[in-house]
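Data first, discussion second: the structure below is written as structure tokens.
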Amino acid sequence: MQMSKMFFQTLREDPADAEVISHKLLTRAGYIRKLTGGIYTYMPLMWRVLKKIEIIVREEMDNSGAQELLMPILQTEELWQESGRWDVYGKELMRLKDRHGRQLALGPTHEEIITALVRDEIRSYRQLPVNLYQIQNKFRDEIRPRFGLLRGREFIMKDAYSFDIDEEGLDKSYEIMAKAYTNIFKRCGLETKMVRSDSGAIGGNVSHEFMVLTQTDSGENDVLYCDTCEYAANSNHAESRMPDARINGKYEKSHKIETPNTKTIEQLCKFLNIPPSIICKTLVYIADSKPILALIRGDKEVEETKLKNAIGANEIRIATSEEIAELMSKSGFSAEAGFIGPKGIKADKIIADKSVVSLKNFVIGINETDYHLVGANWSQDVDLPEICEDIRLSVAGEICPNCHGKLLITKGIEVGNIFKLGTKYSEKMKATFTDENGREIPFIMGCYGIGVSRTAAAAVERYHDEFGIKLPKEIGPFHVIVVPVNTNDELQFNTAKEIYEELRSQNFEVVIDDRNERAGVKFKDADLIGFPIRITVGKTVNEGLVEFKLRDSGEMLKLTKKEAISKVKNILQD
RNA sequence: CGGGAUGUGGCGCAGCUUGGUAGCGCACCUCGCUUGGGACGAGGGGGUCGCACGUUCGAAUCGUGUCAUCCCGACCA
């Protein structure tokens, strides 16, 4: 490739609308151009990167026994009605109508399509297991696309779906995918952590995310991980242990106490001179438009995703003060937020976090403004709610649920995820096969996604410096750039051309910067775009030497033409 | 959806307060000069100032509306 012919332009300044480093650098280096919010053109440089990632994905998927196919992007409403997701998926689903007024959607994921397909094609357990995948543009109408390629509305995704006879088969398929994913990301130069996560809109029981851990803020997810064992989880799913609340001997007997103007835990602690850990906090949430109560220890926060899962709600949010007032009057109280307690409240559900179970002689609201009950105990003073789950936000410093290590927190970019779906889709969509006993049973499914374009952006987040992008050779757009310092100098230009042609004939991905630019411009562009190897042909060519420089380490050698070419081979074919 | 900000050549920005010739840097074209870390000189091309309506003799500038983008929040693979 001749630089003078390449379709790209580098920018000297960061685009004004870019926030994260990968977005800035990819735009500046001419890899991507934005069409509109969350929608980008992959320029030739970027497309080379994406194709390389796709090749790695294909090789590993094929090796794991999966088969590639390509399903339609346009999907019909009927299938989404069958799965029940047409109404549940929400505004993120890009919907449109055809000329007949028929509702269609641009595929955000393909569980419905694949399930419908497999139910028609596979009749017998003899045809199982099967794992099908595709690489395709996906569409999600994100509320707020941002961070460039890290959260787009149109993006490239590899999605795979496994169909098994039973749970045991699913476990095996799941494990195979987990292994394939680890390999894929490793080959892309990315260290990933497989973390437990919530399964969100896709559904299912077990799911893991593959996170590229970042020290910067560009990761969108908080990941908690153990400093001792292998435990790691998304904060929306992380569990942890914590020391029991210190039993405060201050209140031995339960009694009502006046606590004026103590609407917050902080104020209450100050007023009573107690630690927040002996308070039982009562929060009102609206879950699918019904009021519920959540109890948690005063020094801890509720993790809403966990709460949502614990009570099986689709949507959840904290109640407004009007809604609280309404619930109060319905229950015959008039207390303000801050003095609420579970006793006597007519909530749809009352759920307790595990952190409150061991509380003794604690402080709790009794639905009377400016009063609390102190020295309270379960059963004697207040009934412990029937539903008791872990709905607490785990934080750094708490104890690992698996060992005695300490949990640490970091940001992560989710580049892949895997779900055990079970029969969630196959049951609803009546996708069954005949087992060896002649019974019709639903497929046991799993699904597995990789954000291909996001992986590329994550790699830039991981591999860059103040001068630009330095993607590893496995996924970078090119391997080598040959730079004649002065294109008007015949010896320099011809020598550069010879090196270029020689490398090209050996199938290396090489570019010659034949532009009639000054050396500084060429060097800046080479650094910005990120060629792992730069061979500079300058004045020393008169002594038979060229400069061999590595982008990553900055290491520089003076070599003969021949040596330079064989060094390229050594480095790229290791 | 709430709060904040911004829309002016391809990119980054000034001009708007106080209405009157649309400007700067980069990029682009031509010529000269230069060629080891984003040179220099001379000349040149390109913008209905997001869009609509209004106020005015006159609107990038004032008003109303609308659209878009970005940030924070809520939400979310």
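Proteins get letters first, then strands, A, B, ... in listed order; numbering begins at 1 in each. Quick caveat: nothing in here was measured; it's all calculated off a predicted structure.
- The closest side-chain donor-acceptor pair between A:Ser162 and A:Tyr448 falls under 3.5 angstrom.
- For RNA chain B, the residues of residues 27-42 of chain A within the heavy-atom distance limit of 4.0 Å (strictly under) are A:Arg28, A:Lys34, A:Thr36, A:Gly37, sorted by number.
- A:Tyr161 meets the ring-ring contact (aromatic ring centres under 6.0 Å, His included) test with no other residue; sequence neighbours excluded.
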Below 3.5 Å between N/O atoms, which protein atoms pair up with nucleotides 25-27 of chain B? Just atom names and distances, please.
from   : atom 1 : to      : atom 2 : distance (Å)
B:rG25 : N2     : A:Glu13 : OE1    : 3.4
B:rA27 : OP1    : A:Arg12 : NH2    : 2.8
B:rA27 : O2'    : A:Gln9  : NE2    : 2.6

Within the sub-3.5 Å range, which N or O atoms of nucleotides 32-36 of chain B have a protein N or O partner, and how far apart are they?
from   : atom 1 : to       : atom 2 : distance (Å)
B:rU34 : O2'    : A:Arg518 : NH1    : 3.2
B:rU34 : O2     : A:Arg518 : NH1    : 3.2
B:rU35 : O2'    : A:Asn486 : ND2    : 3.3
B:rU35 : O2     : A:Glu517 : O      : 3.4
B:rU35 : O4     : A:Asn488 : ND2    : 2.2
B:rG36 : OP2    : A:Lys539 : NZ     : 3.1
B:rG36 : O6     : A:Gly538 : N      : 3.3
B:rG36 : N1     : A:Glu547 : OE1    : 2.9
B:rG36 : N2     : A:Glu547 : OE1    : 2.0
B:rG36 : N2     : A:Glu547 : OE2    : 3.0

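- Annotation: side chain to side chain contact (heavy atoms under 4.5 Å, CB included) contacts of A:Phe467 (sequence neighbours excluded): A:Asp465, A:Asp527, A:Arg551.
- Partner A:Gln75 forms a side-chain hydrogen bond (donor to acceptor under 3.5 Å, both in side chains) with one of A:Glu112, A:His110, A:Arg95 and no other, that one being A:His110.
- Every pair passing ring-ring contact (aromatic ring centres under 6.0 Å, His included) that includes a residue from residues 10-36 of chain A is listed here, sequence neighbours excluded: A:His23-A:Tyr40.
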*For nucleotides 2-9 of chain B, read 5' to 3', which letter fits each nucleotide if B means a protein heavy atom sits under 4.0 Å from the base, S means only the sugar-phosphate is that close, and - means neither?*
--------
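- Using modelled atom types, one finds no donor on one side chain facing an acceptor on the other under 3.5 Å when comparing A:His237 with A:Glu303.
- By the side chain to side chain contact (heavy atoms under 4.5 Å, CB included) test, A:Thr115 is found to be paired with A:Tyr425, A:Met429, A:Ala431, A:Met445, residues two or more places apart in sequence or in another chain being considered.
- Below 30°, between 30° and 60°, or above 60°: for A:Phe443 and A:Phe163 the angle between ring planes is above 60°, a perpendicular geometry.
- Applying the salt bridge (charged side-chain N to carboxylate O under 4.0 Å, His left out) criterion to A:Lys138, with sequence neighbours excluded, gives A:Asp159.
- Partners of A:Lys561 by side chain to side chain donor-acceptor pair (under 3.5 Å), not counting sequence neighbours, listed by chain and number: A:Glu498.
- Across all strands shown, B:rC26 is found opposite B:rG10 as a Watson-Crick or G-U wobble partner, with both distances under 3.5 Å.
- Residues that satisfy the ring-ring contact (aromatic ring centres under 6.0 Å, His included) test with A:Phe523, not counting sequence neighbours, are absent from this structure.
- Under the Watson-Crick or G-U wobble criterion, with both distances below 3.5 Å, B:rC1 is paired with B:rG73.
- Residue A:Arg146 places none of its side-chain N or O atoms closer than 4.0 Å to OP1 or OP2 of B:rU69.
- A donor-acceptor contact closer than 3.5 angstrom links the side chains of A:Glu209 and A:Asn234.
- Listed by first then second residue, pairs satisfying salt bridge (charged side-chain N to carboxylate O under 4.0 Å, His left out) with a partner in residues 29-43 of chain A read A:Asp17-A:Lys34, not counting sequence neighbours.
- Taking side-chain N and O atoms only, A:Lys308 has a distance below 4.0 Å to OP1 or OP2 of B:rC76.
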